[in-house]
Amino acid sequence: MQENEQDQEHFKRELGLLDGTMLVVGSMIGSGIFIVSADIARQVGSAGWLTLIWLISGLITIIAAVSYGELSAMFPKAGGQYVYLKEAYNKLIAFLYGWSFFAVIQTGTIAAVGVAFSKFAAYIYEPLSDENILFELGSFKLNAAQLVSIFTIILLTYINSRGVKNGKILQTVLTIIKILSLLGLIVFGLTLAAKASIWDANWADAWTTRSYNADSGSWLPISGTALITGISAAMVGSLFSSDAWNGVTFIAGEIKNPKRNVGFSLFLGTFIVTIIYVLTNLMYLAVIPLDEIATAKSDRVAVVASQYIFGNIGTLIIAIMIMISTFACNNGLIMAGARVYYTMAKDGLFFKKAAVLNESSVPAWALWAQCIWASALCLTGKYGDLLDFVIIIVLIFYILTIYGIFILRKKMPDVERPYKAFGYPFLPMLYIIIATAICISLLLTKFSTCGWGVLIMLTGIPVYYLTKPKES
């Protein structure tokens, strides 16, 4: 325990409850809410199911977040989820999380959000698009959008390497702008552009499930297995849009009064985002016919909505909003991620240099290692493939972590728990059941991408045994 006390002396506790909540909100709201409703509409084809999928994703995210509150209060130090897995299971499981986190989860998410940023930057300035190919070698093509993504990741890494205060100020300011602009979009949409005829038509067959066939441009009714497949595929986007809320647990070492503030900011952040997401989708359904939501160009539903609300300038407004949103999202992801590699390195499970703090009291080496790999991932994948890769592993580790609460209650019954998991044991168990069902369904329906994600995770097992320091 002693070494952790010393560890803490080097991190500066400079983040309060507002900063923690803004980190949760800012890391969660990236580009998803502006685009994934199109895919959900294509998979399930009805207003009721579209809304329900966002609501279920929000509720299970809140359940997970309030369950994490117990763990964050027990272990209020840098590293978050990695630490909880190590305490509940063993170093191997914790290493597999850290390995997956570095290889896919955090870096893949940073890359996907960077790709989304460049997608909308191209909306403002066409030459920045992914159609502008700058270099070709065999099957590899380098386009302008990839360079834009990489540039933003390098810039944000540099800002965060100069100290936690810079990252904090940027995060809080951009997140407040992001919340206000989303609320503005909802209010303007519902007051200026909502049409009763569109709303009524969208809700006329609210629970009739259909799937959109892009080749024929027609809807096909679905039920049974096809419906379950459609729902789980649709939930990839909404769950990804609701992910990254756990980032605040990674920087617990820099939060004032972490035993109270980490758990509280987890609840507040996930609750705020769920409300915003559900309201945004209700606004879409009041403004845009369901067919147009499903067929929005490049899935940019928010752009279609804002053209209805503001006319031609609407597209520009949305593009700027999404650029601010994705920029703030990546700032939060980059800031939080490096703290996990730092904690792993302290345990001898990552490159030694990642355990060194620079003169600004931040793990700069870990930040730059993360930057290089996330930039490499920008060169490989499309947004959708990156999501499938990430979400399956994220869910597997959320399941393990939340089951860890049950293990730790038995293993450490006497440890002080300033905060207890809400609705224990029912709500944590409900999360585990729903998330497991989604994982199984994803493996059955999207094996080509999700399977790779699981394979990358499992390759961490031989790596662990090859690199693990000899136990003295």
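Residues take their numbers from the sequence shown, with the count starting at 1. All heavy atoms count here, side chains included; hydrogens, waters and symmetry mates do not.
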Let me see the working for Val236 and Ile438 under side chain to side chain contact (heavy atoms under 4.5 Å, CB included), right down to the final yes or no.
-> CA-CA 9 Å; Val236 168; Ile438 295 168; over 6 Å; no
Please list all pairs passing the side-chain hydrogen bond (donor to acceptor under 3.5 Å, both in side chains) test where one or both residues lie in residues 353-366, with sequence neighbours left out.
->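 Every pair satisfying side-chain hydrogen bond (donor to acceptor under 3.5 Å, both in side chains) with a residue in residues 353-366: there are none.
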Going by an N to O cut-off under 4.0 Å, is there a salt bridge joining Asp347 and Lys86?
->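 Result for this pair is yes, salt bridge flagged.
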Presence of salt bridge, Glu14 and Lys256, under 4.0 angstrom |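 No, Lys256 and Glu14 are not salt-bridged.
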Would you kindly say whether Ser118 and Ser149 are connected by a side-chain donor-acceptor distance under 3.5 Å?
->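 Indeed, the side chains of Ser118 and Ser149 share at least one donor-acceptor pair under 3.5 Å.
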Please report the C-alpha distance between Phe34 and Phe120 in whole Å, then the side-chain angles of each, then the deciding distance to 0.1 Å, and finally whether the ring pair (Phe, Tyr, Trp, His ring centres under 6.0 Å) criterion is met.
-> CA-CA 11 Å; Phe34 302 101; Phe120 286 88; 7.3 Å; no
What about the rings of Phe250 and Phe101, do their centers lie closer together than 6.0 Å?
->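 Between Phe101 and Phe250, which both carry aromatic rings, the centre distance is below 6.0 Å.
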Mind checking whether Tyr97 and Tyr82 have ring centres under 6.0 Å apart?
->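 Ring-ring flag for Tyr97/Tyr82: false, centres at least 6.0 Å apart.
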If you measure from CG on Leu174 to CD1 on Ile29, what distance do you get to the nearest 0.5 Å?
->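 Interatomic distance, Leu174 CG to Ile29 CD1, rounded to 0.5 Å: 12.5 Å.
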Hey, could you give me each pair passing salt bridge (charged side-chain N to carboxylate O under 4.0 Å, His left out) that has a residue in residues 31-43? Not counting sequence neighbours.
->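 Residue pairs passing salt bridge (charged side-chain N to carboxylate O under 4.0 Å, His left out), neighbours aside: Asp39-Arg42, Arg42-Asp299.
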Crowded around [X] [atom1]? As in, over 12 foreign heavy atoms under 6.0 Å?
X      : atom1 : value
Tyr403 : OH    : no
Trp373 : CH2   : no
Phe264 : CZ    : no
Leu458 : CG    : yes

Should the pair Tyr398 and Tyr68 be assigned to parallel (<30°), tilted (30 to 60°) or perpendicular (>60°) ring geometry?
->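 Ring orientation of Tyr398 relative to Tyr68: perpendicular.
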Option from Ile320, Leu316, Val303, Ile318 for which side-chain contact (heavy atoms from CB on, under 4.5 Å) with Tyr123 holds |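 Result: among Ile320, Leu316, Val303, Ile318, Val303 is the only option passing the side-chain contact (heavy atoms from CB on, under 4.5 Å) with Tyr123.
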Considering the options Ile276, Asn281, Ile322, Val301, which one meets the side-chain contact (heavy atoms from CB on, under 4.5 Å) requirement together with Ile33?
->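 Answer to the side-chain contact (heavy atoms from CB on, under 4.5 Å) test with Ile33 among Ile276, Asn281, Ile322, Val301: Asn281.
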What are the two closest non-hydrogen atoms of Val113 and Thr326, and how far apart are they?
->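 Taking Val113 first and Thr326 second, the nearest heavy atoms are CG1-O, 3.4 Å.
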Partners passing salt bridge (Lys or Arg N to Asp or Glu O under 4.0 Å) against Lys178 (at least two apart in sequence or in another chain) |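 Counting only residues at least two positions away or on another chain, Lys178 forms no salt bridge (Lys or Arg N to Asp or Glu O under 4.0 Å).
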Got Cys371 and Ile154 here, is their nearest side-chain heavy-atom distance under 4.5 Å?
->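 Yes, at least one pair of side-chain atoms sits under 4.5 Å.
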Test side chain to side chain contact (heavy atoms under 4.5 Å, CB included) on Leu18 and Met22 and set out the steps.
-> CA-CA 6 Å; Leu18 174 69; Met22 289 300 111; 4.0 Å; yes
